[in-house]
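These notes concern the structure reproduced below.
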Amino acid sequence: MAVKIAIIYLIRYNIDMVYTIGYAGVTIDRFVQILESLRITLLIDVRSIPKSQYFYQFNNNNLSKTLANFGIKYENWNQEFGARQDDLNFYTDNILDYEKFAKSQQFKDGISRLAKLENQGENICLMCAEIDPINCHRAILCGKEIFANGIEINHIIAKRNGETYFENHKEFEKGLIQITKINNIDEAYRKQNKKIGYKLTK
């Protein structure tokens, strides 16, 4: 794991980069250890509801206090990047439509704000719950649009067995095409959006 982290660390200081991570597979101690290893200075929580029924250490109040002890800032961007939105105009067939939401002013403002913080020297990681980014809007929505705006993305995959992997967004897109069995990347994103997108209850 140390070698993999070192490689990513060197890449971080050669090109613009943002990380993503899902917390469901790790303890809070290991989570902080990963962030510290990558010298993360700002954790952006992209959960619409920054609470966890099963992992109370990752509730926003607890998490922000824990991270502060290690000099890591915490912010929740549920309005900018959250997977659940109140505006029904962002939905298609009762599923949050990532393409529609990505065109909204609030999402664009989030991208602009993130880019500004990154340019100011913040080392940023987006956080949600899902272990695998293929099943999370942090990659299918946020990662896609951040990458499209010229910022490199590295997805951290921290597994329950203690292993930690890194997947850059180009590799992620290759995997998305394989999983969806659709060669057109835009269509592959749409298919995965329909599979994992937040669904309105009737």
Side-chain angles (χ1 to χ4, degrees), residues 18-26 43-56 58-61 63 74-115 124-149 151 153-160 167 169-202:
V18 168
Y19 297 93
T20 83
I21 190 170
Y23 66 80
V26 297
L43 183 78
I44 297 176
D45 187 346
V46 298
R47 294 176 295 175
S48 293
I49 302 174
K51 305 285 184 183
S52 174
Q53 181 178 357
Y54 303 105
F55 303 96
Y56 68 91
F58 292 93
N59 287 348
N60 56 338
N61 291 335
L63 183 58
Y74 167 91
E75 295 180 7
N76 176 242
W77 288 22
N78 57 356
Q79 293 299 310
E80 296 90 341
F81 291 159
R84 303 183 186 187
Q85 295 295 323
D86 295 331
D87 191 336
L88 298 181
N89 291 317
F90 298 146
Y91 290 79
T92 299
D93 297 328
N94 290 322
I95 298 174
L96 185 71
D97 189 321
Y98 294 165
E99 287 182 290
K100 286 183 179 179
F101 183 49
K103 294 176 183 177
S104 70
Q105 192 60 51
Q106 65 196 71
F107 188 90
K108 290 179 180 179
D109 288 345
I111 293 291
S112 297
R113 183 180 167 201
L114 183 145
I124 300 169
C125 184
L126 305 186
M127 183 200 79
C128 202
E130 290 286 344
I131 297 173
D132 194 336
I134 203 77
N135 294 318
C136 186
H137 83 288
R138 74 177 187 273
I140 301 299
L141 169 60
C142 303
K144 174 180 180 287
E145 299 302 330
I146 292 169
F147 186 67
N149 277 270
I151 300 175
I153 299 285
N154 254 297
H155 303 291
I156 305 166
I157 304 171
K159 302 216 170 198
R160 290 188 174 91
E167 182 178 52
H169 202 72
K170 287 184 179 178
E171 293 171 341
F172 170 82
E173 288 190 338
K174 291 178 182 178
L176 179 62
I177 286 174
Q178 291 178 346
I179 287 174
T180 59
K181 298 180 181 179
I182 297 176
N183 288 326
N184 182 290
I185 188 60
D186 291 329
E187 289 299 326
Y189 273 115
R190 291 184 189 109
K191 181 175 181 179
Q192 196 67 2
N193 179 179
K194 291 178 181 178
K195 179 180 178 181
I196 70 168
Y198 176 70
K199 298 174 179 61
L200 295 172
T201 55
K202 296 180 179 181

| query | With respect to Ile157, which candidate in Ile131, Thr20, Ile134 satisfies the side chain to side chain contact (heavy atoms under 4.5 Å, CB included) definition? | reply | Ile131
| query | Partners of Arg113 by salt bridge (Lys or Arg N to Asp or Glu O under 4.0 Å), sequence neighbours excluded? | reply | Glu75, Glu80
| task | Specify whether Trp77 and Phe81 have parallel, tilted or perpendicular ring planes, treating 30° as the upper limit for parallel and 60° as the lower limit for perpendicular. | result | tilted
| query | Among side-chain atoms of Asn59 and Asn61, is any donor-acceptor pair under 3.5 angstrom? | reply | no
| note | salt bridge (Lys or Arg N to Asp or Glu O under 4.0 Å) filter on Asp97, not counting sequence neighbours, yields none
| Are the charged groups of Glu187 and Arg190 less than 4.0 angstrom apart, N to O? | yes
| remark: One should read off an interatomic distance between Arg138 CZ and Ile146 CD1, to the nearest 0.5 angstrom, of 11.5 Å
| query | Is it true that the side chains of Tyr91 and Gln85 contain a donor and an acceptor less than 3.5 Å apart? | reply | no
| message | Going by side chain to side chain contact (heavy atoms under 4.5 Å, CB included), Val18 matches just one of Asn154, Ile44, Leu126. Which one? | response | Leu126
| Does atom NZ of Lys194 have more than 12 heavy-atom neighbours, drawn from other residues, nucleotides or ligands, at distances under 6.0 Å? | no
| task | Check whether more than 12 heavy atoms from other residues, nucleotides or ligands sit under 6.0 Å from atom NZ of Lys199, and answer yes or no. | result | yes
| remark: Shortest non-hydrogen pair, Ile21 vs Cys125, comes out as CG2-SG, 3.5 Å
| field | Closest non-hydrogen atom pair, His137 against Cys128 | value | CE1-SG, 3.8 Å
| query | Does a donor on one side chain sit under 3.5 Å from an acceptor on the other, for Glu145 and Asn149? | reply | no
